[in-house]
Amino acid sequence: MKRQFPLALVFIFGFAMIIQYFIPHQHSEWVNAFFMDWMMIIGIFALALGIWSLTRVSWDKVKHKRENWQYAIVTLAGLFLMIFFGFDYFRHFSTAVGSDNYMYVHFYQYIVIPIQATMFSLLAFFIASAAYRAFRARSLLATLLLIAALVIMLRFNPLLGPLQPVMEKFSVWLLNVPNLAAKRAIVIGVGLGMVATALKVILGIERAYLGKD
Amino acid sequence: MARSKSISIIILLVVIALFILSWVIKATTFESDPDRISLWFSVRDAFFITMAAFLTLAIFSFLYKDNPYYKFAEHLFVGISAAYWMCVGFWSTLVGNLVPNISETLSTFFKVPYKGFHFTYFVPLILGIILLMRLSSKHGWISRWALAWIVGTTAGLNLIRYLRTDFISQVSNTFVPLLVDWKGVGPFFSDFSLSSTGQFAMTLSNWVIFIGVFCGLIYFFFSKEHKGIFGTASRVGIWVLMITFGASFGYTVMGRVSLLVGRLTYLFKDWLGLIS
Amino acid sequence: MSSIGLIISFLFIGLGLIWLLILAIKGREVDRRLIFVFIGIAVSVPLLFKISFSEKATPIVRDVFYKIENLPEGSKVLLSYDYGPSMAPEVEPMSNAFVRHALTKNHKVYFMCLWATGQSLVATAIDSIVKKEFPDKVNGIDYVNIGFKAGGTGVLNVIITDFRKMYLTNVDGVNLDSVPIFNGIKSLRDMDLLVSIGGGFPGVKEWVLFAGAPGNIPTAGGCAAVSAPLLYPYYPRQLLGLLGGIKGAAEYESELKDVYPDRFADMPTPGIAMMGPQTLAHLVVMAFIVIGNIAFFVTRKKKV
Amino acid sequence: MKLKTLIVLMIMLLMSYVPAMAQGDPDVINPEDTTVAEVITPAPATNLSASDTPNDHGHSIDLSWDLSVDDGAGMNNVIGYMVYRATSMDGPFESRSGLLLKTTDYIDAGAINEYENGYMPDHTDYYYKIRALTADTAVYSDSEIFGPIQSYGQWFNWERLAVLLMVAGFLFLTVFFINKAKKGADLFVRRLAGIEAVDEAIGRATEMGKPILYVLGLGTAADIATIASYTILGRVAKKVAEYQTGLIVPCYDPIVMTVAQETVKTAYLDAGRPDAYNEDMVYFVTNQQFAYVAGVNGVMLRERPATNLYMGKFYAESLILAETGTVAGSIQISGTDEISQIPFFVVACDYALIGEELYAASAYLGKEPLLLGSLKAQDYAKAGVIFLAIIGFLSLMFGYDGITDFFHVR
């Protein structure tokens, strides 16, 4: 029961999902439509597990005074404050869209958004350091990588003068043609890999995720 | 050791002083703004804007090295964002989607329009509860049923989805004519032009696509030694891949710089008011 | 002001790079933090001194512009904000330019989003652009915001046959049947143009695959630079035009200013303004690649 | 009466089209004027035929007809058509479409479920007629009635035959090669540097006494890349357990976290070291892209893992993670099927698995014949694709597009 039943579930539902694609009948169409809805609902229950895990790991740090335990308090405080504001619907409850508690909205706007955007913008620095470190003509492959990147970066350089439209055209061609070819090769390969993996899962050949006892 | 500690305390005091200074200045500039009705509003808004700016700087400080300010911002961010998604999920998915389909009483309680009883919504509810059984050490194994359902359904559904949307369409799109608009050798040379919509350019592009896809696929062969002609094709394949990767990398620089511009604009404009 | 800034920044960056070049020839590796400093200067100096370069629209951008320009007045244009705050600096200039252009042409604008994070961005656009710059436009008659529904491509699958199966009301809670702009509109097929702005998932690609192509509805897009190469293959057949990254936005803005010099004289052009930092940052990155290679060849020679 | 208002509304709607169509006198559109204008009944639409819509779930009927001779020619007074339907020959007929301009076909689809508005039951006799309308709401002509016709759902969508053949063919190949492998056939697999590096990296981590960081990416439980990543995690965790190295798995998606916990636990059991397993090795950080990145960055700089493995779906964060990992001095191995991020991993990581290699990785690491069999099947499928592509080219060259059509799946 502990091991065979889940495997049977995987097999039955996996094949049911494949077969339903070929059946245009109404009974099969709602399966597809509801799946995403269901996954989201299950996801929220799982998120409770996630919050539990985060709380436990942070609390553990605080309790045993592990390195950087002070910061774990910050995490816990942020977490519970935000949950408190987010569920404060007795006073501010608005609609299903969410809480419109003042602090909830402002924490999102002035803490989450700026940090998120700043983390993202670190990429401008990292892309430069990665380019400096990795774009060296060590081998033929690295040289190709380097030249293609330089060509594309040159395309809107006003200092280039009359060469600019040529660069522009060439880079569009590069993005349109070889890029398309490589993308297709990767997508076809990935598609096959996915099908193979999915089949292995459905057939029960890959079962590491289902536990043992 | 003691010295480095006192230095970090001094830095902390300076940061706090700067924070308060910025807060006060910001609040006074807001005071003259007719949109803010009272002192309380300007003080409050000034606080949030200053905080956002300092958190931005704290994240940037990570570029130098890991430091207490980054650690603070990071931990705060993790906690708040986890809770944020929990709340969004609760309100929009559980209250917005599940409740209106299963219970009238709860719908009235949460003030959402009741859509009628749909038994299908009990499936995720039950699976969700089964998943929560993980917390019990004795009955934790039951949660695997939910995992099995998720993994099985996903595997089946996505297998089909990718075959249809990505795989087959890419295969069928590979069927391009290798001789575009061919009217014979004579016209080909007499009308020869390098324009991108011209016959020569289109034919050349199609050949590049064909060879690129062909060699790219050869590169992904696992069960054959890449030697001889096969090896040459596979090498051409990886060249094409590398050129593409380089091009994508170069292209992305633009987007990443834009993001940094966005952040710096916030600092210079919304916070410091250096630019209009 | 701008010329002083240009001189200062070129001097700063130029001399710095020459110094680094000398270090590189001596075989020293550059500390990554120094690279960060240069990027920081290259981006912030043009921003502070307002250095910008002239832009000229490329065909792929012009196609979008003249589609909106040449639609008859009162055409129905749907704008979908499929992005979040983190992508906003790059794509918000595009969506703002689209809104301005469509409303100037007196098109009817339908706002929606496939990303939850798009909701507040649509609200901001309506507050800061529609209400301020187009005070005569009436909510519900000239434009409407139907907001966000979860489900990504699932939403598209539904609204291509029927809006009302997914959206009962607009964001203000008004039933769609009582919103005048929705009179006679059943599905996406009744739109004259779909514009998706955003580069993630779901985004422009999904609009093409799940709405534009199956419904045979003209679709245009604006996306972050990172996703543009993946979307080029759809142009021009399924995607009538595309604004790729801030460069696309800048081109669109300059076209808008060229065509309506009076109407948009004071229009903020964040896209064009951002091209200054872009150009310098690209130069710096390229310079570092060159320096890196010089350092590499010098050290290799020494080893040999 | 209701019908009349509807038509008036339709005509008003038409007003917006008038400038584009440049036909019809705009003055006539005003309903009050139409009483004065004298309009002659136009010729009806002809050759109406109807059939059940193929390859669908029922509740839908395909209609087609020929234009009225007065549409755009003849008296030129037909402005459009509307579809009418009844459940008996004598009516009552109700309109089923809006005003259709210059149209000769229409799909009359109703709602699928009884509780919805506009429910259209299957296996019911329907009768159709097409009304050719003029600018005057009172002047129109009906086509002959077509019927009875029934709608019904099909049990197989023939348009998707190509997909079925592919799935079936691939399933056959997989099972065939797995069986062959089981019987002991020696299946050759070329070496993949990125995968061989995983083994070395675990050894290196053990020597250094530092943990291994495994990042499952931003994929949700609904991504196959994530499923592939679980299986790789399983193999890595087993080796880690054998070598007694530390393992850190911060998670982005809570469902993925639960599956990953199960996977790691199983791996430790398999390695015979259940005691070494600790639930907190696999933990949840947050469900927000950059907050997650911030958290993982922190782990990299503070725990200084010897090796970072990034396997699964990655988005913009790929480069932030990989660059921070470089600063921390870790060996980095990545694998993703997200095409836009592969370049960054290729540039910034020591080893990068490209696309399909991610899916092959679990088979490599396990070295089990069962799994190697599926790699062989993948290769044959790729050969099939190349073969098909060549056939496609040749057929296009000779002007035959049947093959391309066959693979064009709606």
Side-chain angles (χ1 to χ4, degrees), chain B residues 59 62 65-66 70-71 73-75 77-82 84-86 89 116 131 134 143-144 147 150-151 154-155 157-160 162-164 167-169 171-172 174-179 182 210 213-214 217-218 220-226 241-242 244-249 252 256, chain D residues 115 160 162-163 166-167 187-190 192 221-224 227 255 258-259 261-262 284-288 290-292 294-295 297-298 301-302 339-340 342-344 346-347 354-357 360 364 372 375-376 378-379 382-383 385-386 388-389 392-393 395-397 401 403-404 407-409:
Chain B
I59 296 290
F62 173 73
K65 65 172 195 187
D66 192 24
Y70 173 76
K71 283 183 205 167
E74 171 211 317
H75 282 86
F77 190 24
V78 166
I80 287 192
S81 65
Y84 177 77
W85 285 105
M86 178 83 205
L131 202 60
R134 287 191 69 77
S143 71
R144 282 183 211 148
L147 297 185
I150 292 168
V151 173
T154 309
L157 209 56
N158 278 345
L159 182 153
I160 285 300
Y162 281 98
L163 262 186
R164 184 187 53 170
F167 183 74
I168 292 194
S169 67
V171 171
S172 70
T174 315
F175 302 152
V176 284
L178 287 182
L179 294 172
W182 187 251
F210 173 64
V213 174
F214 180 83
L217 280 177
I218 298 266
F220 284 116
F221 266 77
F222 299 111
S223 61
K224 199 155 166 46
E225 191 84 75
H226 287 181
L241 291 183
M242 282 300 162
T244 313
F245 294 158
S248 301
F249 190 100
T252 318
R256 303 314 185 216
Chain D
Y115 56 82
R160 293 173 175 178
V163 183
M166 285 198 179
V167 174
L187 299 179
F188 170 81
V189 181
R190 81 175 162 96
L192 266 181
D223 285 307
I224 300 192
I227 297 183
I255 301 182
T258 37
V259 181
Q261 280 174 344
E262 216 49 69
F284 176 75
V285 181
T286 174
N287 211 351
Q288 215 266 343
F290 289 102
Y292 174 74
N297 273 358
L301 290 181
R302 282 153 225 156
I339 300 173
S340 60
I342 298 174
F344 302 108
V346 168
V347 167
I354 301 166
E356 192 183 359
E357 292 173 346
Y364 268 94
L372 293 179
L375 280 185
K376 197 88 186 162
Q378 271 163 264
D379 279 0
K382 264 171 288 189
V385 169
I386 293 175
L388 269 177
F393 284 130
S395 73
L396 275 180
M397 215 180 269
D401 51 12
I403 295 179
T404 22
F407 284 98
H408 189 78
V409 179

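Below, read A as the first sequence line, B as the second, and so on, with proteins coming before strands; counting in each chain starts at 1.
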Review point. Rounded to the nearest 0.5 Å, what separation is found between the CE atom of M86(B) and the CG atom of N287(D)?
Key: 10.5 Å

Point to revise | Flag, side chain of D379(D) to backbone of F222(B), donor-acceptor distance under 3.5 Å | key: yes

Review point. Which atom names give the shortest non-hydrogen contact between G295(D) and E74(B), and what distance separates them?
Key: CA-OE2, 3.7 Å

Practice item. Between chain B and each of V167(D), D223(D), I224(D), count heavy-atom pairs under 4.5 Å; write down the option with the most. Key: I224(D)

**Study point:** Minimum-distance pair of heavy atoms, taken over all atoms of A291(D) and V78(B)
**Key:** O-CG2, 3.6 Å

**Study point:** Reported CZ-to-OG distance for the pair F344(D) and S248(B), which is rounded to 0.5 angstrom
**Key:** 7.5 Å

Check your understanding: Pick from Y84(B), F221(B), F214(B): which one has the most heavy-atom pairs with chain D under 4.5 Å?
Key -> F221(B)

Exercise for review: Measure across A82(B) and V285(D) and return the closest heavy-atom pair with its distance rounded to 0.1 Å.
Suggested key: CB-O, 4.3 Å

Revision key, fill the gap. Pair count under 4.5 Å, heavy atoms only, with chain B: among I255(D), I339(D), V189(D), I354(D), highest is I354(D)

Review point. How many angstroms lie between atom CZ of F249(B) and atom OG of S340(D), to the nearest 0.5 angstrom?
Key: 13.5 Å

Practice item. Measure V347(D) against the heavy atoms of chain B and call it side chain, backbone, both or neither at under 4.5 Å. Key: side chain

Point to revise | chain D contact via L217(B) - side chain, backbone, both or neither, heavy atoms under 4.5 Å | key: both

Check your understanding: Where does K224(B) contact chain D at under 4.5 Å (heavy atoms): side chain, backbone, both or neither?
Key -> backbone

Review point. So which part of F290(D) gets closer than 4.5 Å to some heavy atom of chain B, the side chain, the backbone, both or neither?
Key: both

**Study point:** Residue pair F220(B) / Q378(D), side-chain heavy-atom distance below 4.5 Å
**Key:** no

Check your understanding: T244(B) and I342(D): side chain to side chain contact (heavy atoms under 4.5 Å, CB included), yes or no, with the steps?
Key -> CA-CA 10 Å; T244(B) 313; I342(D) 298 174; over 6 Å; no

**Study point:** Proximal component of I59(B), with respect to chain D [non-hydrogen, under 4.5 Å]
**Key:** neither

Study note, to complete from the structure: Nearest heavy-atom approach of Q261(D) to R134(B) is OE1-NH2, 3.2 Å

Exercise for review: Count the heavy-atom pairs under 4.5 Å between each of P343(D), A389(D), G298(D) and chain B, then report the option with the highest count.
Suggested key: P343(D)

Review point. For A294(D), does its backbone N or O pair with a side-chain atom of Y70(B) as donor and acceptor, under 3.5 Å?
Key: yes

**Study point:** Shortest non-hydrogen contact between I150(B) and A221(D), atoms and distance
**Key:** CG2-CB, 4.0 Å

